[in-house]
Amino acid sequence: MTSTRRGIELAALAEELKAGDVGLEFLTGELQGSHDPSGIVFTVLAALSGMEREYIRDRTLEGHESARKRGAACARARRA
């Protein structure tokens with residue numbers, strides 16, 4: 001999924017939450033308090049989570065490649 005498509009879906013979700021009178025509330029930390037789900041805090045957090053997801057994916061693929069080079073298996077165990 002492209003970042004543009006994610007952004008469009010995120011904007012639609014934010015509008016649905018706002019229409020349903022749903023807010024974003026942080027109980028602890030620097031951003032403590034209630035925030036509008038279509039506001040900048042929600043947008044920035046969504047962007048950061050997307051970047052983190054891509055980072056984790058890249059690191060996982062690098063780990064798989066490294067394991068393959070060492071001759072180790074990197075497949076998931078089969079379910080019973």
Side-chain angles (χ1 to χ4, degrees):
M1 183 180 296
T2 65
S3 59
T4 304
R5 183 172 168 197
R6 275 190 228 136
I8 292 169
E9 290 175 357
L10 177 63
L13 174 61
E15 288 304 315
E16 286 179 34
L17 292 173
K18 190 174 181 179
D21 200 29
V22 175
L24 178 63
E25 183 175 2
F26 294 94
L27 302 177
T28 62
E30 295 291 323
L31 300 174
Q32 189 171 1
S34 297
H35 302 277
D36 179 359
S38 60
I40 188 73
V41 173
F42 186 71
T43 304
V44 169
L45 290 175
L48 289 174
S49 71
M51 289 171 49
E52 181 178 16
R53 187 171 35 253
E54 289 175 18
Y55 175 76
I56 291 169
R57 181 182 176 277
D58 290 345
R59 295 290 295 168
T60 300
L61 292 175
E62 288 173 10
H64 286 183
E65 182 64 27
S66 176
R68 272 192 223 87
K69 287 179 181 177
R70 292 188 319 269
C74 56
R76 290 184 180 180
R78 292 184 180 221
R79 293 184 179 178

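Side chains are part of it too, since the values below use all heavy atoms of this structure and drop only hydrogens, waters and symmetry mates. No experiment lies behind these values; they were computed from the predicted model shown.
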Peer 1: Who passes side chain to side chain donor-acceptor pair (under 3.5 Å) against R57, sequence neighbours left out?
Peer 2: none
Peer 1: Under the side-chain contact (heavy atoms from CB on, under 4.5 Å) rule, collect the residues that match up with E65, sequence neighbours excluded.
Peer 2: R68, K69
Peer 1: Test of understanding: with side-chain contact (heavy atoms from CB on, under 4.5 Å), list the residues that count as partners of S66, not counting sequence neighbours.
Peer 2: R70
Peer 1: Report, as yes or no, whether the 6.0 Å neighbourhood of atom CD on E62 holds more than 12 heavy atoms from other residues, nucleotides or ligands.
Peer 2: yes
